[in-house]
Amino acid sequence: MAWVYVILGGFFETAFAVSLKYSEGFGRLWPTVSFLVCSVISFALLTAGLRELPVGTAYAAWTGIGAVGTATVGMIWFGDSPAFLRIASVALIVAGVVGLNLAGSEAH
């Protein structure tokens with residue numbers, strides 16, 4: 001169940017990053033509220049996952065999901081360039097998170 005929490009938390013990290021963009025520097029009310037709600041949920045889910053997972057692995061997965069999700073949203077909705085180097089970099093983030101998991105994720 002810990003991995004479910006971390007993965008969901010990563011999705012909410014993507015949501016809070018997108019909300020932050022829409023908030024225009026916290027100048028728009030509802031995107032700012034969305035940012036606050038999504039960030040609290042994201043951190044709460046990460047915290048729940050950390051009860052059973054090693055901090056380095058869980059945090060890397062959480063931030064990796066957020067980074068990959070945010071980059072993907074940027075390319076799809078915000079017109080960020082889907083250049084080869086950008087996509088390859090996203091793949092490297094995924095490979096790094098997978099590598100950390102393969103290296104061992106037993107809680108100590």
Side-chain angles (χ1 to χ4, degrees):
M1 193 67 181
W3 277 114
V4 172
Y5 294 142
V6 171
I7 291 167
L8 288 174
F11 292 148
F12 276 96
E13 184 185 0
T14 298
F16 83 63
V18 172
S19 297
L20 189 59
K21 167 119 176 115
Y22 280 120
S23 79
E24 297 178 5
F26 301 120
R28 296 179 62 211
L29 176 62
W30 293 113
T32 299
V33 170
S34 175
F35 163 77
L36 293 170
V37 170
C38 289
S39 61
V40 168
I41 292 170
S42 180
F43 282 106
L45 288 165
L46 174 62
T47 301
L50 287 173
R51 290 186 189 127
E52 296 178 29
L53 298 171
V55 67
T57 303
Y59 185 75
W62 179 76
T63 56
I65 292 164
V68 168
T70 304
T72 302
V73 168
M75 287 184 276
I76 293 171
W77 280 290
F78 295 122
D80 295 349
S81 169
F84 172 78
L85 185 56
R86 183 180 298 252
I87 293 169
S89 297
V90 166
L92 287 171
I93 293 169
V94 173
V97 171
V98 169
L100 282 170
N101 284 308
L102 293 175
S105 62
E106 306 86 33
H108 294 112

Of all pairs that satisfy side-chain hydrogen bond (donor to acceptor under 3.5 Å, both in side chains), the ones with a partner from residues 15-35, not counting sequence neighbours: Ser19-Ser34

Going by the rule ring pair (Phe, Tyr, Trp, His ring centres under 6.0 Å), which residues pair with Phe11 if we only count those two or more places apart in sequence or in a different chain? none

Non-neighbouring partners of Phe35 that pass ring pair (Phe, Tyr, Trp, His ring centres under 6.0 Å), sequence neighbours left out: Phe16, Phe26

Please evaluate residues Trp62 and Phe12 with respect to the criterion side chain to side chain contact (heavy atoms under 4.5 Å, CB included), reporting the C-alpha separation (whole Å), side-chain torsions for both, the decisive distance (0.1 Å), and the verdict. CA-CA 10 Å; Trp62 179 76; Phe12 276 96; over 6 Å; no

Indicate, with yes or no, if Met1 and Ile7 share a hydrophobic cluster defined by side-chain heavy-atom contacts under 4.5 Å among Ile, Leu, Val, Met, Phe, Trp and Tyr. yes

For Phe84, check ring pair (Phe, Tyr, Trp, His ring centres under 6.0 Å) against everything at least two apart and list the hits. none

Does Ser39 have any side chain to side chain donor-acceptor pair (under 3.5 Å) partners at least two apart in sequence or in another chain, and if so, which? none

Hey, any chance Val68 and Leu85 share a hydrophobic cluster, counting ILVMFWY side chains that come within less than 4.5 Å of each other, even indirectly? no

Measure the CG-OH distance between Leu53 and Tyr59 for me, rounded to the nearest 0.5 Å. 15.5 Å

Walk me through it: do Leu46 and Leu50 pass the test side chain to side chain contact (heavy atoms under 4.5 Å, CB included)? CA-CA 6 Å; Leu46 174 62; Leu50 287 173; 4.1 Å; yes

List in chain and number order the residues that pass side chain to side chain contact (heavy atoms under 4.5 Å, CB included) with Ala15, two or more places apart in sequence or in another chain; answer none if no residue qualifies. Cys38

Distance from Ile65 atom CD1 to Ile93 atom CD1, nearest 0.5 Å? 11.5 Å

With rounding to the nearest 0.5 angstrom, report the CD to CG distance, Glu13 to Leu8. 13.0 Å

